[in-house]
K.L.:
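Pasting in a structure now, in structure tokens, and then I'll have a few things to ask.
Given the structure is predicted, the values throughout are model-derived calculations rather than measurements. The chains referred to below are lettered A, B, ... by the order of the sequence lines, with proteins before strands, and numbering in each begins at 1. Worth knowing before you read on, the calculation uses all heavy atoms, side chains too, and leaves out hydrogens, waters and symmetry mates.
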Amino acid sequence: MDTIRVRFAPSPTGSLHIGGARTALFNWLYARKNSGVFVLRLEDTDTERFIEAAAEGIRSTLRWLSLDWDEGPDKGGPFGPYVQSERKALYTAEAQRLLEAGGAYCCYCTPEELAQQREEARKKGEVPRYSGRCRHLTEDERQAKEAQGIRPALRIAAPSEGTTVVEDLVRGEVSFDNRVSFDDYIIMKSNGMPTYNFACVVDDHTMGITHVIRAEEHLSNTPKQSIVYRALGYPLPQFAHVPMILAPDRSKLSKRHGATAVEEFREEGYLPEAIVNYLALLGWSPGDEREVMGLKEIVSMFSLDSVSKHAAIYDVKKLTWINAQYLSNLPIERVVEVALPFYQARNLVSDHPSTPEMGYVTRVIDAVRTRIHTLVELADASASFFTEDYPYDEKGVRKHFTKDGVAEILARGRAALARVESFTLEETEKAYREVIEEMGISGGALIHPTRLALSGRTVGPGLFDIIVTLGQGKCLARLDRAIEFVKTCKA
RNA sequence: GGCCCCAUGGUCAAGUGGACUAAGACACCGGCCUUUCACGCCGGUAACCCGGGUUCGAAUCCCGGUGGGGUCACCA
């Protein structure tokens with residue numbers, strides 16, 4: 001059996017959003033599962049909307065998600081180039097071949113005329129369709145247009161009767177009535193660039209793509225492409241139209257819906273492991289109760305048969321939960337690796353941390369990581385471990401610092417910690433328990449003010465984890481500062 | 001509007017004619033654990049869009065309706 005070849009073909013007009021990422025993921029999964037080849041191709045035939053930086057942005061996002069491609073721009077491969085604007089000659093040649101075979105014709109209508117025709121059709125309540133006006137131009141008429149210097153676009157001579165059936169791996173047979181489903185659509189623009197429905201077919205064929213896996217929005221394009229395949233004499237690939245990802249208001253994803261770009265999730269502190277895991281679960285399921293799965297496990301389970309047909313609405317809450325799962329269960333080294341930039345951006349950790357500094361960061365992260373959902377939350381929640389200049393939570397101050405005798409209690413705690421020789425979890429806790437017993441107070445009466453004193457917060461890791469992580473020196477200094485602060489509170 | 005796709009809790013989703021008194025997860029609500037907050041554990045609320053068929057039997061098959069989505073560019 002021939003090697004399976006799939007491709008992800010984004011157009012560099014913006015950043016990669018989660019819908020595109022999911023399509024890329026399914027292609028990648030299918031390739032990896034079947035020992036196939038995953039091709040990346042850039043569809044940049046729209047010179048108007050092309051954004052220079054977008055191509056590299058998309059590539060780096062894919063890399064970040066660890067969706068690596070076997071052939072593509074930057075990487076090369078036997079079917080290159082992998083950028084459509086560099087394949088113009090190929091499209092021109094194939095279009096010419098089609099023109100000569102009578103499968104296509106020159107259209108001299110201007111975009112303005114066409115827009116007007118559409119408008120008129122719409123007014124009359126008719127379906128806007130190209131009239132076919134230029135299809136039957138005589139040679140003289142054609143020459144006249146050429147003489148006027150009009151650059152023609154190329155239209156395909158589409159069949160106007162019969163049906164076109166698309167064989168789809170997730171939807172089965174889908175048939176389209178040729179009389180009403182499309183008209184003589186343009187395959188080459190007057191500027192010499194191919195349109196999507198043409199370039200896509202030429203590339204998929206010449207790149208040996210065996211399975212076209214893409215979002216459902218392309219399903220109604222498929223009969224058009226199918227006609228191009230036939231007209232050019234290409235064999236048809238397998239098609240699989242995967243369900244779309246919709247915004248929470250059930251509409252198509254757009255920038256209007258807040259964070260939809262993968263990069264935004266990255267900035268908010270989501271891990272690639274979590275994003276990829278969540279995306280895999282949107283429109284696909286392993287068939288059992290598994291949810292938190294690494295890419296390797298997903299690959300082993302993946303199949304187009306188990307891809308669902310209906311669109312899925314994405315739910316940030318579940319993504320956030322998965323993110324939290326990874327944050328607390330991934331090897332600590334990995335969490336430190338991805339978290340470090342967030343600490344550095346806040347100037348909590350130096351740009352080139354020393355070994356002891358890294359050791360400290362690691363201990364802090366390990367103490368805090370089960371309580372937060374994102375890396376932003378992680379850095380925020382542990383900020384006070386890295387600065388002596390942290391504020392005290394206002395509500396906490398009212399609750400714990402204004403009680404009678406707090407200064408005394410903190411002072412006793414400080415004295416107890418000062419006496420501890422081996423600054424461990426067991427010893428520090430033992431010292432504190434003794435204070436509690438001696439003073440005849442509840443544990444909370446000492447523990448809560450101390451947490452506030454040491455971290456400025458009322459929530460967070462277990463108190464003795466905080467104490468041991470900070471170390472004796474910092475603890476004593478922070479308690480001194482808090483005791484002074486408590487005194488000013490009363491005044 | 002034409003064409004196409006889809007339809008299980010708020011969301012993801014299992015289910016492929018009898019094991020459905022319909023899994024599981026997120027979210028939500030209780031409780032337990034605990035020095036706080038989380039984590040974890042236990043429990044709860046909540047769904048087969050509607051109407052016709054087919055069948056001994058339908059969430060599952062067929063038809064119609066309704067609803068949602070997509071698409072109808074010299075965009076991809």
Side-chain angles (χ1 to χ4, degrees), chain A residues 9-13 43-46 48-49 84 107 109-111 114-115 118 122 125-130 151-155 166 168 170-171 174-177 179-183 185-197 199-200 215-224 241 243-244 246 248 250-252 278 281-292 306 308-322 324-325 328-329 368-373 381 396 400 429 432 436 442-448 450-452 457-464:
Chain A
S11 89
T13 53
E43 308 215 327
D44 60 344
T45 54
D46 186 349
E48 310 260 310
R49 294 202 306 156
Q84 288 189 328
C107 174
C109 299
T110 65
L114 294 168
R118 271 197 298 273
R122 218 164 47 77
E126 290 171 4
V127 180
R129 279 175 69 90
Y130 177 62
R151 306 257 68 197
L154 220 59
R155 285 184 186 272
V166 171
D168 191 277
V170 349
R171 277 150 225 287
V174 183
S175 55
F176 296 83
D177 187 336
R179 290 169 301 184
V180 291
S181 299
F182 38 76
D183 54 8
Y185 46 92
I186 289 171
I187 57 173
M188 292 292 280
K189 307 175 201 176
S190 54
N191 68 2
M193 279 298 210
T195 58
Y196 167 71
N197 284 127
C200 178
E216 197 202 324
E217 57 186 320
H218 292 293
L219 184 55
S220 43
N221 277 322
T222 310
K224 298 184 187 179
H241 288 91
M244 306 200 43
L246 267 26
R250 310 197 122 275
S251 69
K252 201 172 163 179
Y278 176 66
L281 260 18
L282 239 39
W284 174 81
S285 140
D288 54 29
E289 294 172 12
R290 271 179 282 182
E291 298 251 293
V292 180
S306 42
S308 61
K309 295 177 166 70
H310 57 271
I313 295 169
Y314 86 93
D315 176 21
V316 197
K317 292 243 184 74
K318 184 145 183 182
L319 203 211
T320 302
W321 174 78
I322 291 181
Q325 292 295 311
S328 43
N329 297 323
V368 179
R369 65 164 165 165
T370 59
R371 284 155 232 275
I372 44 78
H373 302 95
H400 304 300
E429 175 155 9
Y432 250 45
I436 288 163
S442 69
L446 173 60
I447 287 170
H448 296 313
T450 303
R451 175 181 289 102
L452 185 60
R457 309 176 121 243
T458 58
V459 300
L463 179 64
F464 303 100

K.L.:
Roughly, in whole Å, what's the span from CD1 in I372(A) to C1' in C39(B)?
P.N.:
11 Å
K.L.:
Taking N or O atoms only and anything under 3.5 Å, show me the protein contacts with nucleotides 4-8 of chain B, one pair per line.
P.N.:
{"residue": "C5(B)", "atom": "O2'", "partner": "R171(A)", "partner atom": "NH1", "Å": "2.5"}
{"residue": "C5(B)", "atom": "O2'", "partner": "E216(A)", "partner atom": "OE2", "Å": "3.2"}

K.L.:
Using nucleotides 9-11 of chain B, report all nitrogen or oxygen pairs with the protein that are shorter than 3.5 Å.
P.N.:
{"residue": "U11(B)", "atom": "O2'", "partner": "I313(A)", "partner atom": "O", "Å": "3.4"}

K.L.:
Going by the rule side chain to side chain contact (heavy atoms under 4.5 Å, CB included), which residues pair with S11(A) if we only count those two or more places apart in sequence or in a different chain?
P.N.:
T13(A), E43(A)
K.L.:
Kindly give the atom pairs (protein nitrogen or oxygen, nucleotide nitrogen or oxygen) under 3.5 Å for nucleotides 32-35 of chain B.
P.N.:
{"residue": "U35(B)", "atom": "O2'", "partner": "H448(A)", "partner atom": "NE2", "Å": "3.1"}
{"residue": "U35(B)", "atom": "O2", "partner": "R451(A)", "partner atom": "NH2", "Å": "2.7"}
{"residue": "U35(B)", "atom": "N3", "partner": "L463(A)", "partner atom": "N", "Å": "3.3"}

K.L.:
Between G24(B) atom P and W284(A) atom CH2, what is the distance in whole Å?
P.N.:
19 Å
K.L.:
Please state how far atom CG in N197(A) lies from atom P in U71(B), giving the value in whole angstrom units.
P.N.:
13 Å
K.L.:
Using a 4.0 Å heavy-atom cut-off, does T45(A) contact any base of the nucleic acid, only the sugar-phosphate backbone, or nothing at all?
P.N.:
sugar-phosphate
K.L.:
Taking ring-ring contact (aromatic ring centres under 6.0 Å, His included) as the test, write out the residues that go with F464(A), two or more places apart.
P.N.:
Y432(A)
K.L.:
In chain order, what residues pass the side chain to side chain contact (heavy atoms under 4.5 Å, CB included) check against T110(A), with sequence neighbours excluded?
P.N.:
E112(A), E113(A)
K.L.:
What interatomic distance, in whole Å, is found between C1' of U35(B) and the corresponding atom of G9(B)?
P.N.:
39 Å
K.L.:
Rounded to whole Å, how long is the line connecting atom CD of E48(A) with atom C1' of A73(B)?
P.N.:
12 Å
K.L.:
Output all residues satisfying ring-ring contact (aromatic ring centres under 6.0 Å, His included) with H400(A), sequence neighbours left out; order by chain, then residue number.
P.N.:
H448(A)
K.L.:
Using side chain to side chain contact (heavy atoms under 4.5 Å, CB included) as the criterion, list what pairs up with A324(A), not counting sequence neighbours.
P.N.:
H373(A)
K.L.:
Output all residues satisfying side chain to side chain contact (heavy atoms under 4.5 Å, CB included) with N191(A), sequence neighbours left out; order by chain, then residue number.
P.N.:
T47(A), K189(A), M193(A)
K.L.:
Indicate, with a heavy-atom threshold strictly under 4.0 Å, whether C107(A) touches base, sugar-phosphate, or nothing.
P.N.:
nothing
K.L.:
Give every pair of a protein N or O atom and an N or O atom of nucleotides 47-49 of chain B that lie under 3.5 Å apart, one pair per line with the distance.
P.N.:
none

K.L.:
Between D44(A) (CG) and C75(B) (P), how many Å, whole number?
P.N.:
13 Å
K.L.:
Is there any protein nitrogen or oxygen under 3.5 Å from a nitrogen or oxygen in nucleotides 42-44 of chain B, and what are the pairs?
P.N.:
none

K.L.:
I'd like to know if the side chain of D168(A) reaches the main chain of H241(A), judged simply by a donor and an acceptor atom lying under 3.5 Å from each other, with no hydrogens or angles considered.
P.N.:
yes
K.L.:
Which part of the nucleic acid does H218(A) contact within heavy-atom distance under 4.0 Å: base, sugar-phosphate only, or nothing?
P.N.:
base
K.L.:
Residues two or more places apart in sequence or in another chain: which of them pass side-chain hydrogen bond (donor to acceptor under 3.5 Å, both in side chains) with R369(A)?
P.N.:
D366(A)
